[in-house]
Number of protein chains: 2
Amino acid sequence: MGEHQLEHFIRSGGLKVTPQRLMLLREIEAQGHLDVDELFRRAQAHFPSISLATIYKNLHTLSENGILREVPLPGKRSVYELHHAEHVHFFCTECNKVCDVEADMSDIADMLRERTGYQFDTMRVTLGGPCPGPDKCMRE
Amino acid sequence: MGEHQLEHFIRSGGLKVTPQRLMLLREIEAQGHLDVDELFRRAQAHFPSISLATIYKNLHTLSENGILREVPLPGKRSVYELHHAEHVHFFCTECNKVCDVEADMSDIADMLRERTGYQFDTMRVTLGGPCPGPDKCMRE
DNA sequence: ATCACTGCAAAGGGTTTGCAAGTTC
DNA sequence: GAACTTGCAAACCCTTTGCAGTGAT
């Protein structure tokens, strides 16, 4: 995603464009999914004096404004991703990493709407198990 | 679920059947989904001197043994349910309650297996939005 | 100039741990 | 009686909050 587009997303929520925010978003974009700690470690490489509080505040603010999305995981801390189209997450029970799965979900969302009678706004699908290997996920 | 069956589940994991465990499972069964706090409050009605540590330890032990299942939620604490067949959760963004949705998921699991090429063990589907009302969920 | 954001330090909660006493099998 | 579980208290996080200084618009 381009610099301009990121800045536009931030501004459209009434938020200010700070170097810290841009860096956080770029790290998350590059890694796909990061939790608070990993993000803090990476952030320190760019801003040695950055505070954990800044990470927390931004994770909240950016999630509330629909720029980030929290992905809650069983027994682990949530990870955060750039908010994009509905998709499936695969959570590897061996390497504890999360990856996006390429799969069109719109028809599944429709099926669920029909079957359940619920008018939901969001749908989170997380598959769990040992991931197939480096080619499919990130396991070595 | 009968008393005998609950006890059997506990024992089959190599765990011991204690009055506290039976009570926790019955409360969860009765309420459907409970988080640590609600469970603790309810537990105190039965065992006034029960400790929060006991709740935490049992939630972990019973989840590891497949008797309970953790349902992680965005921005909230996880809730726990009795482990049963794959199903859909609806998380109401207004009343913050979780309910099970009646929907056969086996074909959706198959579809996802085909489309993604992943051999997953678990599937968690959580829909979010305002729930339709008392008849469908628990909102008043 | 205003309002928002950062970084720090402290406060506040939530969760885990160690251990002695009590239970289960 | 051996092994596990409970309850307590302390320790140990993790996360939030308040505030003064800085930065964005």
Scoring nucleotides 20-25 of chain D by protein non-hydrogen atoms under 4.0 Å (B base, S sugar-phosphate only, - none) yields ---BBS
So which protein N/O to nucleotides 7-10 of chain D N/O distances come out below 3.5 Å?
{"from": "D:dG7", "atom 1": "OP1", "to": "B:Gln20", "atom 2": "NE2", "distance (Å)": "3.3"}
{"from": "D:dG7", "atom 1": "OP2", "to": "B:Thr54", "atom 2": "OG1", "distance (Å)": "3.1"}
{"from": "D:dG7", "atom 1": "O6", "to": "B:Lys57", "atom 2": "NZ", "distance (Å)": "2.6"}
{"from": "D:dC8", "atom 1": "OP2", "to": "B:Ser49", "atom 2": "O", "distance (Å)": "3.1"}

Only one of A:Leu73, A:Val79, A:Leu82 forms a side-chain contact (heavy atoms from CB on, under 4.5 Å) with A:His33, so which one is it?
A:Val79
Nearest-Å distance for atom pair CG/P, residues B:Leu52 and D:dC12
19 Å
If I take atom NZ in residue B:Lys76 and atom C1' in nucleotide C:dG14, what distance separates them, rounded to the nearest angstrom?
16 Å
Apply the test side-chain contact (heavy atoms from CB on, under 4.5 Å) to residues A:Met123 and A:Met105: give CA-CA distance (whole Å), side-chain angles for both, the deciding distance (0.1 Å), then the verdict.
CA-CA 9 Å; A:Met123 170 175 66; A:Met105 296 289 292; 3.6 Å; yes
If the condition is side chain to side chain contact (heavy atoms under 4.5 Å, CB included), which residues does B:Thr61 pass it with, not counting sequence neighbours?
B:Leu15, B:Arg21, B:Asn65
Give the nucleotide from the list C:dT16, D:dT6, C:dC5 with an atom nearest to the side chain of B:Arg21.
D:dT6
To the nearest Å, give me how far apart CG (A:Asp37) and C1' (D:dC12) are.
14 Å
How long is the line joining NE2 of A:His60 and C1' of C:dT6, in whole Å?
16 Å
Selection residues 111-127 of chain A - residue pairs positive for salt bridge (Lys or Arg N to Asp or Glu O under 4.0 Å), sequence neighbours left out
A:Arg115-B:Asp107
Strictly by salt bridge (Lys or Arg N to Asp or Glu O under 4.0 Å), give each pair with a member in residues 52-70 of chain B just once, sequence neighbours left out.
B:Arg69-B:Glu86
How would you list all residue pairs meeting salt bridge (Lys or Arg N to Asp or Glu O under 4.0 Å) that involve residues 72-84 of chain A, not counting sequence neighbours?
A:Asp37-A:Arg77
Who passes side chain to side chain donor-acceptor pair (under 3.5 Å) against B:Ser106, sequence neighbours left out?
B:Asp104
Rounded distance in Å - NE2 (A:His46) to P (C:dT6):
15 Å
Send over the distance from A:Met23 CE to C:dC5 P, rounded to a whole Å.
15 Å
Those residues that, when tested against B:His46, pass ring pair (Phe, Tyr, Trp, His ring centres under 6.0 Å) (two or more places apart):
none
Rounded to whole angstrom units, what separation is found between the CG atom of B:Leu22 and the P atom of D:dT6?
11 Å
Quickly work out the B:Leu59 CG to D:dT6 C1' distance and round it to whole Å.
15 Å
Among residues at least two apart in sequence or on other chains, which ones pass ring pair (Phe, Tyr, Trp, His ring centres under 6.0 Å) with A:His84?
A:His87
